[in-house]
2 protein chains.
Amino acid sequence: MNIGEIARRAGVSRSTVSYALSGKRPVAEDTRRRIQQVVDELGYRPSASARALANGRTSTFGLVFPPAGNHYTGMQLDFIGSVVEAAAAYDYDVLMSPSGVDSDRSFQRLLGERRVDGAILMEIRLEDDRVDHLAALDFPSVAIGRTAHPEGGWWVGLDHTALAAACVHHLADLGHRRVAFVNRPEQLLRAGYESAHRGLDGFTKAAAERGLTVRTYCCGDDAASGQACLERILYDDPSTTALVTLNEAALGGLYRGLAKAGRHVPRDFSVTGVVAGRWAETVTPQLTAADVPAAELGRLAVELLVERLDHPDAPPRHHLLTPPISLRASTGPAGAMPAALAADAGPDATP
Amino acid sequence: MNIGEIARRAGVSRSTVSYALSGKRPVAEDTRRRIQQVVDELGYRPSASARALANGRTSTFGLVFPPAGNHYTGMQLDFIGSVVEAAAAYDYDVLMSPSGVDSDRSFQRLLGERRVDGAILMEIRLEDDRVDHLAALDFPSVAIGRTAHPEGGWWVGLDHTALAAACVHHLADLGHRRVAFVNRPEQLLRAGYESAHRGLDGFTKAAAERGLTVRTYCCGDDAASGQACLERILYDDPSTTALVTLNEAALGGLYRGLAKAGRHVPRDFSVTGVVAGRWAETVTPQLTAADVPAAELGRLAVELLVERLDHPDAPPRHHLLTPPISLRASTGPAGAMPAALAADAGPDATP
DNA sequence: TAGCTTCGCCGAACCGGTTCGATGAAGCAC
DNA sequence: GTGCTTCATCGAACCGGTTCGGCGAAGCTA
């Protein structure tokens with residue numbers, strides 16, 4: 001069922017069918033109706049490949065996402081879903097491109113073979129060769145996250161510095177003096193992941209400002225690592241009374257570690273951080289946290305990309321979001337726990 | 001940089017370049033080298049659209065996934081990731097297609113506009129018009145899940161009936177007599193979601209077999225609903241000592257409800273179900289559950305689809321998996337809790 | 001050296017759309 | 001009735017690959 005078939009049945013030329021369907025030139029009303037009728041009868045739809053070949057646009061975005069090796073977090077899933085849905089609203093499809101191992105090959109597929117009109121990048125690093133590469137090619141793309149030098153780029157992102165600082169201030173306001181920071185895995189920090197770095201910076205600076213005593217940790221993206229990390233925290237400084245985490249996946253393990261160490265949240269120990277809202281509500285007590293607006297970020301990324309495609313010469317735009325901390329149940333005033341008990345409660349303590 | 005440019009620079013015809021690159025006809029070795037050199041110098045890659053138009057294959061799969069309206073579970077994310085990675089290994093890209101609202105439109109995009117060579121469907125219903133539709137068209141596709149009449153179809157899936165039954169037997173073996181079942185939301189059950197129906201069936205039949213007293217509940221896909229559901233369970237029958245759940249997203253809420261009701265897991269109350277392994281390990285105590293092998297299912301689905309595309313006349317194949325229950329820490333022998341306490345512990349009980 | 005095969009390459013057609021310039025008919029003024 | 005514009009439609013070229021038939025040169029046989 002190609003356009004020639006429709007043309008023959010409607011008794012017109014192929015170009016007339018094309019114009020009737022696209023509306024790019026006027027077509028007599030009764031001709032248009034006749035064509036439309038044939039189209040409806042046969043259920044004709046123009047081939048995406050042929051259309052893409054002819055007009056050079058694929059109506060497809062690439063979504064470059066991290067490989068499964070790093071465990072996915074709820075946040076990432078929400079990104080994917082919201083990007084796909086927002087793109088559909090603008091009549092774009094989304095092609096998934098695993099970055100990571102052999103990322104060159106999948107980049108080549110997307111760009112070299114011209115499969116997509118634009119790309120959205122997840123999991124940005126401070127120095128990100130993918131971003132640089134795309135910028136050098138002037139290829140339309142939007143990053144979810146910002147590099148060390150975001151000027152002149154198109155991106156949406158969270159102000160991780162401010163969010164981590166907000167967590168610190170919240171805890172300091174509650175009277176906490178000894179606070180731990182649980183970051184993403186060391187491997188990701190070393191690789192330069194933006195959230196890990198900016199979060200750490202924001203935490204460190206705000207803590208210094210408030211005169212807090214802090215320790216910072218990297219922690220694997222799973223519950224077992226979270227538990228181990230918490231044991232380490234209490235071992236290193238048993239008088240720690242609060243922690244800030246960026247690590248969604250470790251959260252369950254952190255809670256478990258606290259329970260094992262006999263620390264009640266929030267009475268003896270406060271927990272907060274930057275976590276997707278839905279996730280924050282699954283733990284008990286529910287986590288007081290800066291909720292990552294993943295769905296909004298995905299939507300904004302798509303909007304920027306669409307704008308960039310529609311107006312190739314538009315000046316770069318970006319959105320930096322700073323969601324407020326949602327007060328839930330995992331933080332409370334410090335000092336409820338007597339210092340004596342704090343000294344006892346090492347990593348080997350039992351309830 | 002099209003194939004004509006390469007041909008000119010290498011001093012050969014376009015067809016020779018094509019044959020040199022595809023290897024579908026022999027080309028003199030030095031000619032081939034000359035062409036390859038030009039290709040490498042210019043970084044030439046053939047246009048995916050043109051290739052797709054010419055040979056009728058897009059090298060792309062569609063992945064039809066549920067809309068974000070239903071909250072995503074960890075399982076679904078793992079599916080997506082593993083499908084994308086497995087597809088990449090076979091040199092296929094993956095195009096995301098939100099099913100759900102206006103699913104016809106996105107189906108039309110995939111099939112009508114011939115964007116994909118085949119499709120993988122998630123979230124299957126017992127009576128699934130998408131599956132029927134694809135089968136009627138003889139369009140290459142593989143379902144993750146099976147309908148009420150899976151004969152003659154291509155699919156991979158879990159034996160939810162057996163898994164739910166295994167949970168029941170596990171609890172019955174531990175001496176539990178009054179057991180609740182926490183299903184996916186009623187809306188999904190009514191829509192005919194496979195896992196919800198088969199899980200419920202397996203639970204009900206196995207419970208009857210073992211002579212257990214049971215109640216079954218539907219529960220929203222979020223923590224708050226889980227907590228409410230648990231309160232309801234204990235209100236309806238305070239002497240309930242165990243539950244089986246298919247609802248990953250509600251799990252955190254169920255645990256919270258138990259804690260609020262003063263029921264210690266696993267001493268006073270056992271919890272088990274069918275949940276992705278990583279998720280089961282985030283809760284405390286870790287959940288004894290039949291681990292959903294999401295990554296393996298995704299990989300198998302891709303393998304079947306590739307086979308179906310390579311051998312269009314191959315007889316239908318499928319994989320039905322029945323992962324064993326992983327014993328963790330959330331189930332224990334019944335009867336540890338005195339009946340008197342059980343009677344006291346209504347939904348309003350406080351620790 | 002004529003005749004036949006094999007090898008390596010070329011030209012043209014094709015996939016299914018879009019787009020531009022041209023053409024013919026109708027409508028209108030004079 | 002001629003000249004001019006407007007309108008609707010058509011034909012052809014083009015996008016960038018793939019594929020088929022054919023053709024000339026080289027190699028081999030007799």
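The chains referred to below are lettered A, B, ... by the order of the sequence lines, with proteins before strands, and numbering in each begins at 1.
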Protein-nucleotide distance ([X], atom [atom1]; [N], atom [atom2]), rounded to Å:
X	N	atom1	atom2	result
A:Arg51	C:dT19	CZ	C1'	14 Å
A:Asn55	C:dG16	CG	P	17 Å
B:Leu53	C:dC14	CG	P	14 Å
B:Ile3	D:dT19	CD1	P	11 Å
B:Asn2	D:dT18	CG	P	12 Å
A:Glu113	D:dG17	CD	C1'	12 Å

Inset, instruction - Report the residue from B:Leu320, B:Ile144, B:Ile124, B:Leu304 that forms a side-chain contact (heavy atoms from CB on, under 4.5 Å) with B:Trp155. - result: B:Leu320
Inset, instruction - Name every residue in residues 20-43 of chain A that has at least one heavy atom under 4.0 Å from any atom of DNA chain C, in order of residue number, or write none if there are no such residues. - result: A:Lys24, A:Arg25
Legend entry - Minimum-distance nucleotide to B:Thr16 side chain [options: D:dG17, C:dC10, C:dT19]: C:dC10
Legend entry - Any N/O donor-acceptor pair, A:Tyr19 side-chain to D:dC10 base, under 3.5 Å: no
Inset, instruction - Ignoring hydrogens and angles, tell me if any N or O in the side chain of A:Arg125 forms a donor-acceptor pair with the backbone of A:Glu123 under 3.5 Å. - result: no
Inset, instruction - Examine distances only and state if a side-chain atom of B:Arg109 and a backbone atom of A:Asp91 form a donor-acceptor pair shorter than 3.5 Å. - result: yes
Inset, instruction - Run the salt-bridge test on A:Arg9 and A:Asp40 with the 4.0 Å N-O cut-off and return the result as yes or no. - result: no
Inset, instruction - Give a yes or no on whether a salt bridge exists between B:Asp138 and B:Arg308, defined as a side-chain N under 4.0 angstrom from a carboxylate O. - result: yes
Inset, instruction - Report the distance from atom CZ of A:Arg8 to atom CG of A:Asn2, rounding to the nearest 0.5 Å. - result: 7.5 Å
Legend entry - Gap between atom CZ of B:Arg146 and atom NE2 of B:His319 - 0.5 Å precision: 14.0 Å
Legend entry - Distance below 4.0 Å between B:Arg114 side-chain N/O and C:dG17 OP1 or OP2: yes
Inset, instruction - Give one of base, sugar-phosphate or nothing for A:Ser18, where a contact means two heavy atoms less than 4.0 Å apart. - result: base
Inset, instruction - Sorted by first residue and then second, give each ring pair (Phe, Tyr, Trp, His ring centres under 6.0 Å) pair with at least one member in residues 17-59 of chain B; sequence neighbours left out. - result: none
Legend entry - Neighbours of DNA chain D within residues 7-15 of chain A, by heavy-atom distance under 4.0 Å: A:Gly11, A:Val12, A:Ser13, A:Arg14, A:Ser15
Legend entry - Heavy-atom closest pair, residues B:Arg114 and B:Thr58: O-CG2, 3.5 Å
